[in-house]
Amino acid sequence: MRYVKHATLAMLLMAGPGLAETHDVKMYNRSENGAMIYEPSYLRIAPGDTVRFLSTQPGHNAATIDGMIPPGAKPFKSRINEDFSVTLSVPGAYGIKCSPHYAMGMVMLIDVGGRMDADLPPDLPRRASERFRQILDARPDA
């Protein structure tokens, strides 16, 4: 009986990480949806899910925006022209930018755990702010 309890516990612990999902985000210079864009530009994911940023077209990266991540979350910044994966565990809103194209409005939102606050910092570049407002208005749960 003791062996069965330990085996069951071990199976449950191993199954936990298997429940997490990986979500792909493509980085484009231009797509049918516009110029300098992440696709999708909005994700709602569960805590512990992974986001994989794919260098679909050259010249892009993914980086958190100062003041647009949940308290306790770690900022990140990928290298330009490289695929990059990050696992997000802290619930809340993550503002993501392409460092070279931030002023051109290349941004996206990731909502971890469905707890996104829609307030935008006042110091965003104009095009980034406009793009965030478009993303917020187009959310399925808006």
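For this chain, numbers begin at 1 and follow the sequence in order. These values consider heavy atoms only, across backbone and side chains, with no hydrogens, waters or symmetry-generated copies.
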Inset, instruction - Just do the side chain to side chain contact (heavy atoms under 4.5 Å, CB included) check on Arg44 and Arg139 with the steps written out, would you? - result: CA-CA 9 Å; Arg44 175 179 267 179; Arg139 287 179 301 162; 5.9 Å; no
Inset, instruction - Measure the spacing between CG of Asn33 and NZ of Lys26 and express it to the nearest 0.5 Å. - result: 11.5 Å
Legend entry - Partners passing side chain to side chain donor-acceptor pair (under 3.5 Å) against Asn61 (at least two apart in sequence or in another chain): Ser99
Legend entry - Leu54: hydrophobic cluster co-members (side-chain, 4.5 Å): none
Legend entry - Which residues share a salt bridge (charged side-chain N to carboxylate O under 4.0 Å, His left out) with Arg126, sequence neighbours left out: Glu130
Legend entry - Same cluster (ILVMFWY, side-chain, under 4.5 Å), Met27 and Leu43: yes
Inset, instruction - Indicate yes or no: at least one non-hydrogen side-chain atom of Val25 is less than 4.5 angstrom from one of Pro40. - result: yes
Inset, instruction - Using the rule that two of Ile, Leu, Val, Met, Phe, Trp, Tyr join whenever any of their side-chain heavy atoms come within less than 4.5 Å, decide whether Met106 and Val51 are in one cluster. - result: yes
Inset, instruction - Report yes if some heavy atom in the side chain of Leu136 is under 4.5 Å from a heavy atom in the side chain of Leu120; otherwise report no. - result: yes
Legend entry - Exam field: side chain Tyr38 to backbone Cys98, donor-acceptor pair closer than 3.5 Å: yes
Legend entry - Residue pairs involving residues 46-74 (criterion salt bridge (charged side-chain N to carboxylate O under 4.0 Å, His left out); sequence neighbours excluded): Asp24-Arg52
Inset, instruction - Could you pull out the closest heavy-atom pair between Gly67 and Pro121, with the gap in Å? - result: O-CG, 4.3 Å
Legend entry - Closest non-hydrogen atom pair, Ala63 against Lys77: CB-CG, 3.8 Å
Inset, instruction - May I ask whether Leu88 and Phe53 are part of the same hydrophobic cluster, defined by side-chain heavy atoms of I, L, V, M, F, W, Y residues being less than 4.5 angstrom apart, directly or through others? - result: yes
Inset, instruction - Just jot down the side chain to side chain donor-acceptor pair (under 3.5 Å) partners of Tyr28, sequence neighbours excluded, or say none. - result: none
Legend entry - Within-4.5 Å side-chain heavy-atom neighbours: Pro100 and Ile80: yes
Legend entry - Validation row: Leu109, Asp111 side chains within 4.5 angstrom (heavy atoms): no
Inset, instruction - Determine the minimum heavy-atom distance between Phe132 and Met108, stating which atoms define it. - result: CE2-O, 3.4 Å
Inset, instruction - Please list, chain by chain and in numerical order, all residues satisfying side chain to side chain contact (heavy atoms under 4.5 Å, CB included) with Gln134, sequence neighbours excluded. - result: Arg131
Legend entry - Partners passing side chain to side chain contact (heavy atoms under 4.5 Å, CB included) against Pro58 (at least two apart in sequence or in another chain): Asn29, Asn81
Inset, instruction - Identify the two heavy atoms, one from Ala62 and one from Ile96, that lie closest to each other, and give their separation to 0.1 Å. - result: CB-CG2, 4.1 Å
Inset, instruction - List for me each residue that meets side chain to side chain donor-acceptor pair (under 3.5 Å) alongside Ser89, sequence neighbours excluded, and say none if there are none. - result: none
Legend entry - Listed partners of Glu39 passing salt bridge (charged side-chain N to carboxylate O under 4.0 Å, His left out), at least two apart: none
Legend entry - Pairs involving residues 59-80, ordered by first then second residue, that meet ring pair (Phe, Tyr, Trp, His ring centres under 6.0 Å) (sequence neighbours left out): His60-His101, Phe76-Phe84
Legend entry - Student check: side-chain heavy atoms of Met68 and Leu124 closer than 4.5 Å: yes
Legend entry - For Ala73, all residues meeting side chain to side chain contact (heavy atoms under 4.5 Å, CB included), sequence neighbours excluded: Ile69, Pro70, Val90, Tyr94
Inset, instruction - Output every pair passing salt bridge (charged side-chain N to carboxylate O under 4.0 Å, His left out) with a member in residues 82-106, not counting sequence neighbours, ordered by first then second residue. - result: none
